[in-house]
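In the text below, chain A, chain B and the rest are named by the order of the sequence lines, each starting its count at 1.
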Amino acid sequence: MSSLSPPAKKIWWNEPIHKSELLWISLVFVWGMVMTFMMPYWHVVGKQNLGTETYKTTPKAFQATTQEFVDKYTVRTEGPRNYPVVAPPAGGDVYLIARLWEWWPIVELKKGETYRFHLSSLDWQHGFSLQPANINIQVVPNYEHVFTLTPNASGEYSIICNEYCGIGHHLMIGKLLVVD
Amino acid sequence: MMVNNSFRTCPDTGLKFFSSAENLIKANAVAGVVFLLIGGMFGLLVGLTRWQAVHLLGAEDFYMVLTAHGLNVLIFWMIFFEIAILYFCSSVLLGCRLATPRWAWVGFGLMVIGAVMNNVIVLQGNSSVMMTSYVPLEAHPLFYLSLILFAVGALIGSFVFFGTLVVAKAEKTYEGSVPLVTFGAITAAIIAVFTIVSGAIVLIPTLLWSVGLVGEIDVLAYRMIWWAFGHSSQQINVAAHVSVWYAIIAILFGAKPLSEKVSRTAFLMYILFLQLASVHHLLVDPGLSSNFKMFNTSYAMYLAVMASMVHGLTVPGSMEAAQRARGHNAGLFTWLRKAPWGNPAFSGMFISLVGFGFLGGITGVVMGAEQINILIHNTLYVPGHFHATVVLGSTLAFMALAYWLVPVLFRRELIWKGLAKWQPYVFGLGMTGVSLFLMGAGTLGVPRRHWDIGFAGTGGITHEFPAAAYTMLALNGMSVILAVAGGAAFCLIMVGTILFGKKLGNDEPMAEPCIVAPVTDEEYAANGGSAFAIPGTIVLALVFFVSFALYYFINWKYLAETWGIG
């Protein structure tokens, strides 16, 4: 009787399991335990654990808070679109807006310092993709996501949108600067 | 003769085909192939646009075609073919009439209407919202309605399947427990019900919102419920294609599972744990705690992964045991070397098994770890991964089954056997390339669903991806051409066989036998006294395990090198 027919022995659940199968089952079970362990373990020893602090907000409120942040810490304007470059104090809060189709403003950080990012969308869903560091975070409207970032190298970084957000999706790109 | 209960006994396989079930299997399988062809052609356009030097379509068309590609192949092709598999595994394998064929036709009709309507709406251009249709990005109301109609049709199909099981039990058309292949199909159908109900919970309010009857849809709630639908629908595919693997080794080698208990428990674990995997899509979302993410990400301790790895051993293991029992007993791999590599039903199934495990399985588990996902979320790595699971895994397994099933169903000889012999290799190689090169580009940070990574038209703000990213996208484009050639060959062979294949008389068997007699207990026992010694499979499984572990830890190392994230 093959797998296309009912099992030959009616009481199939008492049949012994062959050794090689048992061996493999034990091995993959242990491997599953190792992988289960890795995630909490990384929360203890690893430095890359995305924070989950989240607040309800509205596009209007988030835009107002970000404007305050920009007014307070803008040091210059830059680039073809004359975006404000905002340099918050080391260890301070950073507000970043995602909207059709731009990231606003440009933030300037210090290498090795830890910043509290506040991220939200003013319209549709977007994807925060920091390149080439390759850090990718979902951005949604009406929720303010708070997490920390600690740059480990100086340079000019790009923020690309990697959640489809309509016809201008591929035009949505911003900059983030890290200085020594 | 009662209309409802007329059946024929297949001269090639000895299986009973009730005409009601047979017609529905034919209709669903053919509809599936049609949508595979449509969706595959859209895939060609997507691949040729991503190839930056060719950049075939404009942005608007690209996003429209990408939406249509995903829905046609990932939803319509898969579900139509799966309904055919469900009817086959119930009515044909249990030798039972189909319960309520009228309702089955109603379900089929709704699915056709939904799928056609969806294509019409998407191709009008106002609904380029991708398969995920994340709110508050809005599609035409008929976009949501078409998906709901399709889902209701599929739900009716699932219940006709369950009804047929009840009829078979009541009319005692089989003895003891259902066959393993049918058991696998039951798990697929149970997951399908969960999936479709989730789809209804998320799409019905979204439809009402799109016509202004509901004020606002919570974005995070939408994402969670949508993925209970979107990810689980892929778990239907897994359960279905694993059943197909078991079916094909039974057909070609007369194999039975090493242990009914182990294989059935592994299927059962899919029902219990796979749905948790939906949370893999929400790992970098705000609003969910890390504990919630970790519990679900590990499918509660990786028990569903364990189930897949068990099937990954028992499918080739059962084949090895059967081959050894039939005399291919020398050395480690004679059983594999002596397999019918020129038979597309076998080569397709085996490439599907290896591709799903090595490319799809390993990468899926790795990127599904809570923290590693930060490196991968929404990059091209994600489509790279699921082209390995859904295309190389499920689609190729379904193609392999079709090479056997279509001639048996339609009573026609397969045409273009030479082309058929090569088709799984061409398609498999092409799709392996697609999968690897998309994942390679994703590792370099290239975003998914993105028309132009050269950032022309942004008014001077650009990002320079490494040259390797452009090379990957070019190689992906070439692989797409190969894969589409292979996919088109499959569709042509199937349609050609149905229309022009040499017709066989009622009792006339095929030129070549198309089902192998089950290996008997005596044959198993004669195999050196150790019926289920499978040294070759164990070696292959250990190679798999080492690759898995290495790749898993390499990714933790990559993660450790990026910025601090807290």
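- Counting heavy-atom pairs closer than 4.5 Å to chain B, the top-ranked of the candidates A:Ile135, A:Leu23, A:Leu119, A:Val140 is A:Ile135.
- Heavy-atom pairs under 4.5 Å with chain B were tallied for A:Pro132, A:Ala153, A:Pro40; the largest tally goes to A:Pro40.
- Between the side chain of A:Thr148 and the main chain of B:Gly566, a donor-acceptor pair closer than 3.5 Å is present.
- Contact of B:Ala456 with chain A is made through the backbone alone, with heavy-atom distances under 4.5 Å.
- Distance check, rounded to the nearest 0.5 Å: CG of A:Leu50 to NE2 of B:His377 gives 10.5 Å.
- A donor-acceptor distance shorter than 3.5 angstrom exists from the side chain of B:Lys261 to the backbone of A:Glu15, with no hydrogens or angles considered.
- Heavy atoms closer than 4.5 Å to chain B are found in both the backbone and the side chain of A:Trp124.
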Test side chain to side chain contact (heavy atoms under 4.5 Å, CB included) applied to A:Met33 and B:Tyr302, step by step: CA-CA 8 Å; A:Met33 291 302 106; B:Tyr302 288 101; over 6 Å; no

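- For chain B, no part of A:Phe128 is nearby; none of its heavy atoms comes within less than 4.5 Å.
- Between the side chains of B:Tyr381 and A:Asn136, no donor-acceptor pair of N or O atoms lies under 3.5 Å.
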Step-by-step salt bridge (Lys or Arg N to Asp or Glu O under 4.0 Å) determination, A:Glu163 to B:Arg448: CA-CA 8 Å; A:Glu163 183 59 78; B:Arg448 70 185 291 194; over 6 Å; no

List the steps, then state whether ring-ring contact (aromatic ring centres under 6.0 Å, His included) holds for A:Tyr115 with B:Trp563. CA-CA 12 Å; A:Tyr115 296 85; B:Trp563 292 16; 9.3 Å; no

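- Using a 4.5 Å cut-off between heavy atoms, A:Ile137 contacts chain B through both its backbone and its side chain.
- When each of B:Leu15, B:Val365, B:Leu375 is scored by its heavy-atom pairs under 4.5 Å with chain A, the top score falls to B:Leu375.
- Each of B:Ile376, B:Thr379, B:Thr443 was compared with A:Asn134 under the side-chain contact (heavy atoms from CB on, under 4.5 Å) criterion, and only B:Thr379 meets it.
- Heavy atoms closer than 4.5 Å to chain B are found in the side chain of A:Arg81, but not in its backbone.
- Considering all non-hydrogen atoms of both residues, A:His43 and B:Ser290 come closest at CE1-OG, 3.3 Å.
- Here the two rings, on B:Phe545 and A:Trp31, have centers that are under 6.0 Å apart.
- In this structure, A:Tyr164 contributes its side chain and B:Ser128 its backbone to a donor-acceptor pair below 3.5 Å.
- With chain B as the partner, the residue from A:Lys10, A:His145, A:Lys47, A:Gln125 showing the most heavy-atom pairs under 4.5 Å is A:Gln125.
- If you take CZ on B:Arg449 and CG on A:Asn162, they are separated by 10.5 Å, rounding to the nearest 0.5 Å.
- A:Glu68 pairs by the salt bridge (Lys or Arg N to Asp or Glu O under 4.0 Å) definition with nothing, not counting sequence neighbours.
- Checked against the 6.0 Å centroid criterion, the rings of A:His170 and B:Tyr63 qualify as a close aromatic pair.
- The residue among B:Phe253, B:Phe465, B:Tyr299 with the most heavy atom pairs within less than 4.5 Å of chain A is B:Phe465.
- Proximity of a side-chain donor or acceptor of A:Gln48 to a complementary backbone N or O of B:Thr562 within less than 3.5 Å is detected.
- Aromatic pair A:Tyr41/B:Trp556: centroids not less than 6.0 angstrom apart.
- If you measure heavy-atom distances from A:Met35 to chain B, the contacts under 4.5 Å come from both the backbone and the side chain.
- The number of heavy-atom neighbours closer than 6.0 Å to CD of B:Glu561, taken from other residues, nucleotides and ligands shown, is above 12.
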Any chance you could lay out the side chain to side chain contact (heavy atoms under 4.5 Å, CB included) test for A:Thr52 and B:Leu288, step after step, and finish with the verdict? CA-CA 6 Å; A:Thr52 58; B:Leu288 302 170; 5.9 Å; no

